[in-house]
Amino acid sequence: MSVRVRFAPSPTGFLHIGSVRTALFNWLYARHTGGTFVLRIEDTDAARNTEQSLRTILDGLKWLGLDWDEGPEKGGSCGPYFQSQRADLYRKRVRQLLDAGIAYEREGAIRFKMPRTPITVPDLIAGNVTRELADRELQDPDFVIVRSDGNPVFHFVNVVDDLEMKITHVIRGEDHLSNTPKHIALFRAFGVEPPKYAHIPMILNPDGTKMSKSDPDPQKARLASLQTYLNEGYVPEAVRNYLCLLGWSPKDNREILPIDDVIRLFDLPQILRANARFDLAKLTWINAEYIRAMSLERFIELARPFVGGHDDPKVLGLVKEKVKLLKELPDWTSYFFTDDYPFDPEAVKKSCSAPQTSERLTKLADRFATVNSWDVAGIETALKALAAELGVKTGELIHPCRVAVSGKSAGPSLYHMLEVLGRDRVLARLRRAVDRSKK
RNA sequence: GACCCCAUCGUCUAGCCCGGUCCAGGACAUCGCCCUUUCACGGCGGUAACACGGGUUCGAAUCCCGUUGGGGUCGCCA
């Protein structure tokens with residue numbers, strides 16, 4: 001029988017990074033097995049659902065390349081894929097339990113008669129988990145499936161949908177493990193075998209606390225939302241690669257690997273059972289690796305939203321190897337697009353404090369004016385020749401020159417930078433720097 | 001409080017199922033050196049872990065029990 005898995009988010013607020021990882025593992029398993037990845041929107045909480053949030057979910061999944069086979073914008077034979085449109089189905093299933101005497105009404109709500117004997121969850125990751133009842137459940141293990149306002153609750157609709165949508169494997173966060181006996185009992189009450197379960201460990205904050213979008217600490221709240229990574233200039237293939245490594249490993253010491261390799265190697269039983277902490281530093285490293293390795297075309301495409309129209313391929317090509325986050329781009333490139341760039345005081349102090357700086361820069365400008373062809377080789381030859389004539393190390397010219405034309409002490413190779421800047425601007429900037437220093 | 005899950009360097013992990021090849025391997029971070037026009041990249045090297053206590057065994061990171069610590073669940077939230 002063909003594998004059918006699903007990702008079932010509720011459209012309330014931002015997309016949680018933990019949810020994204022759950023979606024990713026479902027997607028990986030579907031692609032690994034040649035199965036079907038279903039996207040179902042659990043929008044039963046009308047008060048909290050927003051259209052905006054739905055967009056965020058769909059865009060987030062697309063951004064990461066997690067395409068779904070059935071669901072919103074896709075359709076499929078088990079629709080509708082919004083719970084808000086499946087009320088009739090739920091009503092029918094409630095009726096079924098009521099008629100069978102497995103559910104009953106009390107205080108306006110409909111409750112499910114939970115079996116009194118413990119239920120074992122055969123979990124593909126955690127093993128067999130038998131949960132004894134918590135002391136508060138001891139008096140009354142039954143639970144509400146339809147509220148007094150007539151709306152069915154999560155546990156119920158979740159099971160009904162998984163059943164109707166013929167889901168074969170439920171891959172979800174470990175926070176659902178303790179509730180799974182309820183779900184299994186429901187499946188059995190409907191006379192069907194429950195799907196296979198795989199509860200994946202949680203992703204925690206760097207300090208080991210739970211990741212929450214509503215954490216009072218804004219730093220942690222930001223960490224929990226996928227949007228943050230998009231805004232900061234992480235690239236989707238890096239985020240996806242990093243997420244794969246949280247709770248799963250190719251076991252061959254590779255850290256960076258193509259998604260096709262992950263799909264091929266991925267399987268449920270080898271997922272780790274322990275929670276993992278989110279490590280921004282490692283994500284950032286992976287991000288830089290991906291940026292360096294990607295084509296210039298891809299880089300420009302991803303960089304565009306961050307550079308405000310300044311997407312000159314020559315400029316971006318110069319900094320591609322330097323950038324860790326796309327958000328840094330304006331910082332690396334702004335002096336290519338404006339003459340009004342800031343001077344880093346530290347850089348000025350460090351590189352331009354020699355008394356001969358002005359004289360040297362003037363001579364450098366004069367020399368550059370005579371260069372025949374303004375390219376890397378010509379620039380380098382001219383600069384080195386001047387340094388030799390002056391009897392100074394090339395660095396004595398290079399560093400002040402860099403600061404003069406860019407305002408910074410760090411940047412691309414100087415010769416390449418000057419070439420892209422163009423002779424006119426370089427000369428103007430060198431002379432302007434000299435004037436500046438005289439004031 | 002009850003119940004469930006988990007426990008290898010600061011972090012992610014390999015090894016654990018099928019005890020010996022592990023005085024525990026890789027990566028990020030960190031420190032030092034090299035390369036170098038800057039910053040990165042790259043290269044080389046260092047610091048750094050089997051939570052603790054009992055067993056079982058000739059032998060335990062690997063199996064068992066307990067303790068501690070972390071996480072989760074016990075809603076007419078999802």
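Lettering of chains follows the sequences in order, A, B, ..., and the numbering in each one begins at 1. What you see is a predicted model; the values in this text were computed from it and never measured.
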For [X], report the nucleic acid contact type (base, sugar-phosphate, nothing); a contact means any heavy atom under 4.0 Å.
X: A:Glu380; result: nothing
X: A:Pro201; result: nothing
X: A:Ser409; result: base
X: A:Arg277; result: sugar-phosphate
X: A:Leu246; result: sugar-phosphate
X: A:Ser249; result: sugar-phosphate
X: A:Tyr242; result: nothing
X: A:Leu133; result: sugar-phosphate
X: A:Arg254; result: nothing
X: A:Ser413; result: base
X: A:Lys408; result: nothing
X: A:Leu383; result: nothing
X: A:Gly208; result: sugar-phosphate
X: A:His176; result: base

Return yes when atom CZ of A:Arg111 has more than 12 non-hydrogen atoms of other residues, nucleotides or ligands closer than 6.0 Å, and no otherwise. yes
Quick one: look up who [N] pairs with, Watson-Crick or G-U, both distances under 3.5 Å, and put none if it's unpaired.
N: B:A61; value: none
N: B:G32; value: B:C44
N: B:A7; value: B:U68

Given [options], identify the nucleotide with an atom nearest to the side chain of [X].
X: A:Ser178; options: B:C4, B:A2, B:C76; value: B:C4
X: A:Ala109; options: B:U37, B:C76, B:A27; value: B:C76
X: A:Ile398; options: B:U37, B:C3, B:C12; value: B:U37

Result for 5'-nearest mapping on RNA chain B, choosing between A:His155 and A:Asn179, is A:Asn179
Identify, between A:Gly247 and A:Phe143, the residue whose nearest nucleotide on RNA chain B lies closer to the 5' end. A:Gly247
A:Glu328 CD to B:C39 C1': how many Å, rounded? 11 Å
How many whole angstroms separate atom CD1 of A:Ile200 from atom P of B:U13? 12 Å
Against A:Phe143, only a single residue in A:Tyr104, A:Phe112, A:Phe156 fulfils ring pair (Phe, Tyr, Trp, His ring centres under 6.0 Å); can you say which? A:Phe112
I'd like to check A:Leu243 versus A:Phe278 (side-chain heavy atoms, cut-off strictly below 4.5 Å). Are they in contact? yes
Side chains of [X] and [Y] only: does a donor on one sit below 3.5 Å from an acceptor on the other?
X: A:His310; Y: A:Thr333; value: no
X: A:Tyr90; Y: A:Asp161; value: yes
X: A:Thr120; Y: A:Asn128; value: no
X: A:His32; Y: A:Arg264; value: no

Pick out the pairs of N or O atoms, protein on one side and nucleotides 60-65 of chain B on the other, that lie under 3.5 Å.
none

Electrostatic pair A:Glu164:A:Arg40 at N-O distance under 4.0 angstrom: no
Contact under 4.0 Å: [X] side-chain N or O vs [N] OP1/OP2:
X: A:Lys282; N: B:U11; value: no
X: A:Arg136; N: B:G75; value: yes
X: A:Arg147; N: B:C77; value: yes
X: A:Lys322; N: B:C41; value: no

Residue set satisfying salt bridge (charged side-chain N to carboxylate O under 4.0 Å, His left out) with A:Arg425, at least two apart, ordered chain then number -> none
Minimum heavy-atom separation for A:Ile171 and A:Asn26, please, with both atom names. O-ND2, 2.9 Å
Please write out each protein N/O paired with an N/O of nucleotides 5-8 of chain B under 3.5 Å, distance rounded to 0.1 Å.
none

Hey, is the main chain of A:Ala134 close enough, under 3.5 Å, to the side chain of A:Glu137 for a donor-acceptor pair? yes
